[in-house]
Amino acid sequence: MTKRVAILISGGGSNMVALADSMTGGHPARPCLVLSNNAGAGGLEKAAARGIPTAVVDHRPFGKDRPAFEAELTRVLDAAQPDIICFAGFMRVLTEGFVARWHGKMLNIHPSLLPKYRGLHTHARAIEAGDAQHGCTVHEVTPELDGGPILGQAELQILPDDTPESLAARVLPLEHRLYPEALRRFATGDRSRFTLT
Ligand code: GAR
């Protein structure tokens with residue numbers, strides 16, 4: 001049966017576009033919802049232009065009450081009945097309660113070669129550390145931030161004159177190849193780890 005995929009975004013949504021555009025033809029999944037915590041997220045228009053239902057759950061009215069924000073997220077997600085939830089640049093930290101609700105169904109893309117550089121400013125941190133390699137990772141979401149089982153990675157070389165910006169600009173196209181491949185495998189039940197070549 002075709003899997004229903006909800007994609008959560010906070011910004012431009014270029015990974016969401018890559019995922020949505022990959023789910024055609026014989027692909028085992030289809031997008032059912034693009035949800036943002038930010039009404040100004042550029043990705044919302046891109047989703048609507050593709051005929052994908054969109055929703056906004058703004059985190060700001062909830063202040064520090066994360067469980068209340070997540071209860072509203074859950075209500076909107078439940079209505080869309082997703083089999084898989086893809087976090088694609090969704091910049092909110094989630095509580096254990098939320099993560100438990102969707103255990104085994106959530107993927108995230110992170111712009112580093114995990115387990116290196118969980119959290120923010122990954123490109124700057126890789127350069128500062130003098131790393132030769134950098135890249136991106138798709139992993140399952142668990143309560144540990146950026147710490148769930150790794151599904152796939154894509155690597156590149158850091159160049160001597162790379163800046164955080166130039167590195168980010170070279171990692172992003174890799175993300176756009178990695179995430180659709182990881183989703184396709186996951187949707188067929190394949191959780192074995194792969195490296196994009
Ligand atoms: C991507 O680089 C993604 O890996 C990163 O945000 C960007 C979103 O871009 N995610 C994180 O840093 C998560 N901690 P997009 O909106 O164009 O897909």
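First listed ligand is number 1; within each ligand, the first listed atom is number 1.
- Atoms CE and CD1, on M16 and I9 in that order, are 5.0 Å from each other to the nearest 0.5 Å.
- Salt-bridge formation is not detected for the pair R101/E70: no Lys NZ or Arg NE/NH1/NH2 atom is positioned less than 4.0 Å from an Asp or Glu carboxylate oxygen.
- Side chains of H123 and H134: a donor-acceptor N/O pair is present below 3.5 angstrom, by distance only.
- Proximity of L73 to R92: side-chain heavy atoms (C-beta onward) are nowhere separated by under 4.5 Å.
- The shortest contact between atom 11 (C) of ligand 1 and any protein heavy atom is with P111 CD, 3.7 Å.
- No donor-acceptor contact under 3.5 angstrom links the side chains of H110 and T122, judged on distance only.
- Using a 4.0 Å cut-off to heavy atoms of G89, the atoms of ligand 1 that qualify are 6 (O), 8 (C), 10 (N).
- Near G12, with a cut-off below 4.0 Å to any heavy atom, the atoms of ligand 1 are 16 (O).
- Using a 4.0 Å cut-off to heavy atoms of E175, the atoms of ligand 1 that qualify are 1 (C), 2 (O), 3 (C), 4 (O).
- In this structure, the separation between CE on M23 and CZ on R184 is 13.0 Å, given to the nearest 0.5 Å.
- Given atom 14 (N) of ligand 1, the protein heavy atom at minimum distance is H110 ND1, 3.6 Å.
- Judged by the shortest distance from any of its heavy atoms, G43 lies outside the 4.0 Å radius around the atoms of ligand 1.
- Geometrically, ligand 1 and G13 share a nitrogen or oxygen pair separated by less than 3.5 Å.
- Put simply, the side chain of K46 gets close to the backbone of G12: a donor and an acceptor are under 3.5 Å apart.
- Summary of contacts: the protein heavy atom closest to atom 17 (O) of ligand 1 is S14 OG, 2.5 Å.
- For atom 9 (O) of ligand 1, the closest non-hydrogen atom on the protein side is N15 ND2, 4.1 Å.
- In terms of modelled atom types and a separation under 3.5 Å, the side chain of N108 and the main chain of H139 share no donor-acceptor contact.
- A heavy-atom separation below 4.0 Å is found between I109 and ligand 1.
- Nearest non-hydrogen protein atom to atom 13 (C) of ligand 1 is M91 SD, 3.8 Å.
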